[in-house]
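Only one structure is covered here, and it is reproduced in the block below.
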There are 2 protein chains.
Amino acid sequence: MKVKATDIAQMNSASEVIYDALRVAITRGDLAEGETLRQDRIARMFNVSRIPVREALMRLEEQGLVTTQRYRGAVVSALSIEEIREIFEFRALLEPEILRYSVERLSPDRLEQASRSCHLFATETDSSRWGDLNRDFHYSLYQDAGRPYYLQVVKTALGRVERYLRAQLVLTDGMARARQEHAAILAACMERDAETAARLTREHILAAGRSLVDILVRQNEAHATMLTETGAP
Amino acid sequence: MKVKATDIAQMNSASEVIYDALRVAITRGDLAEGETLRQDRIARMFNVSRIPVREALMRLEEQGLVTTQRYRGAVVSALSIEEIREIFEFRALLEPEILRYSVERLSPDRLEQASRSCHLFATETDSSRWGDLNRDFHYSLYQDAGRPYYLQVVKTALGRVERYLRAQLVLTDGMARARQEHAAILAACMERDAETAARLTREHILAAGRSLVDILVRQNEAHATMLTETGAP
DNA sequence: CTTGCAAAAATTGGATCCAATAAGCAATAT
DNA sequence: ATATTGCTTATTGGATCCAATTTTTGCAAG
């Protein structure tokens, strides 16, 4: 037999498929924050009933990606600037720690993979792909840490702020800086210098966080000014 | 109008009530790990259909408290010893950090509350209440940190291992030690010594984790020996 | 007595239907 | 003109029903 067998028992249920699709759409920013997700509309999009849609929405809410009010539906969660700041601070605590565990265990294959990811990120011009490639680079370095729980928590945290990160990369010199910082982190990993790699990662995340918060504060101020000038409420 | 109004819109839906009840039952250890949760049975217990039950199970799975296989139902998640070790290590990283942020901001009321919690924990003889009281003490100290995201992550992490903690408190001198360590942490907080409080918290969590892992390893070895001696598979 | 297997029962995932609630709109009173 | 009330529609939460899948049971053969 020359068949590529796939484990049908492990195939995704409808609610999982919908959950994944919505999660990706939200983290990519394809769904605007504050947008309400109508069960019926999503059900028609996937050609299913509302049952699996509601199950997917429950899981998204548990991840903090949507917010639900009874009988009023689910809306894509919006983060305040302070919440974004906190999540970057949080990542800046966890990710260096994971990397510290990981550096000594990085296999040659893994370093090769990280190197490729780093290069792909550095040379990609389509900004809509930057989120994925950034994620690939960081996670490739964390994979060998032997800390699945840490990794899962970091993934959730990044998932919450990823939609805002693109703005930071596009609207400033963020992309150029990220390229350099990724290269430096990778170099430290290759030299098995865990402390340097961890310190660079912490600074990388904190810098991106500060830059992003700056952008958002300025946007807020601009918006507030406009409202005042036009006399809107 | 002299009516005590309560926000009916914020009242819990059936799926939330069921979710909370199951979450508490699992973290308390009232449901054994590996036990399968039948939708129909739970639905009858709460006098509802299976729909809200399934929604609750989805959310529990997202929290890692149950594990689901398609068409085979949900079972209470079991953690390996290594996973438990990792989660304690994780808590030992996060909780001192939260406390560091919190110490300088602790209000007199909050210190009073923490003091009461500490005392209640120290004097409670009913071991089934230790989990709640331990949680109350720690969280009262974290409340003022102004880091809701950290706090939520810590709550999830503790929720995963709480069921094992009782064993640690009961089967060793864990309770006596915990009493002392809590008192020391509280004292450091009252003196606004953030670094000492953080260090003590880290050691407190690491010690409990090591003690728990020891217990579980011994249990495992005893079990394995028994199986060998009786010739069971 | 054990093993293999087909039918029956139990269980889950999902569709359809119904009741409860919110949101929008028209009619009325002030 | 505006605020209040009642009606209509849209939407959600949940119940009931059906199909797909797993698990158990009964029975025959070795």
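In what follows, chains are A, B, ... by sequence order, proteins preceding strands, each numbered from 1.
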Can you tell me the distance, in whole Å, between the [atom1] atom of [X] and the [atom2] atom of [N]?
X	N	atom1	atom2	value
B:Gln69	D:dT22	CD	C1'	11 Å
A:Asn47	C:dG13	CG	C1'	16 Å
B:Leu57	C:dT11	CG	P	14 Å
A:Glu16	C:dT12	CD	C1'	13 Å
B:Glu55	C:dG13	CD	C1'	13 Å
A:Arg72	C:dA20	CZ	C1'	14 Å
A:Leu37	D:dT12	CG	C1'	14 Å
B:Ile51	C:dT12	CD1	P	13 Å

Please pick, from [options], the nucleotide with the shortest atom-to-atom distance to any side-chain atom of [X].
X	options	result
B:Tyr71	C:dG14, D:dT12, C:dG13	C:dG13
B:Arg50	C:dT21, D:dG14, C:dT12	C:dT12
B:Arg38	C:dT12, D:dT16, D:dT22	C:dT12

Open item on the list: Within this structure, what is the CG-OG1 distance for the pair A:Leu31 and A:Thr36, rounded to the nearest 0.5 Å?
Closed with: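 Between atom CG of A:Leu31 and atom OG1 of A:Thr36 there are 10.5 Å.
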- [ ] Report yes if at least one side-chain N or O of B:Arg70 is closer than 4.0 Å to OP1 or OP2 of D:dT22; otherwise report no.
- [x]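 Indeed not, no polar side-chain atom of B:Arg70 lies that close.
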Open item on the list: Strictly below 4.0 Å: does A:Gln39 bring a side-chain N or O up to OP1 or OP2 of D:dG13?
Closed with: yes
Assess, by modelled atom type and distance only, whether the side chains of [X] and [Y] contain a donor and an acceptor separated by less than 3.5 Å.
X	Y	answer
A:Arg116	A:Gln113	no
A:Tyr150	A:Glu95	no
A:Asp109	A:Ser107	no

Task: Check: A:Arg54 side chain, C:dG14 base, donor-acceptor under 3.5 Å - done: no
TODO: On the 0 to 90° scale, with breaks at 30° and 60°, tag the A:Phe121-A:His182 ring pair as parallel, tilted or perpendicular.
DONE: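 Plane angle between 30° and 60°, so tilted.
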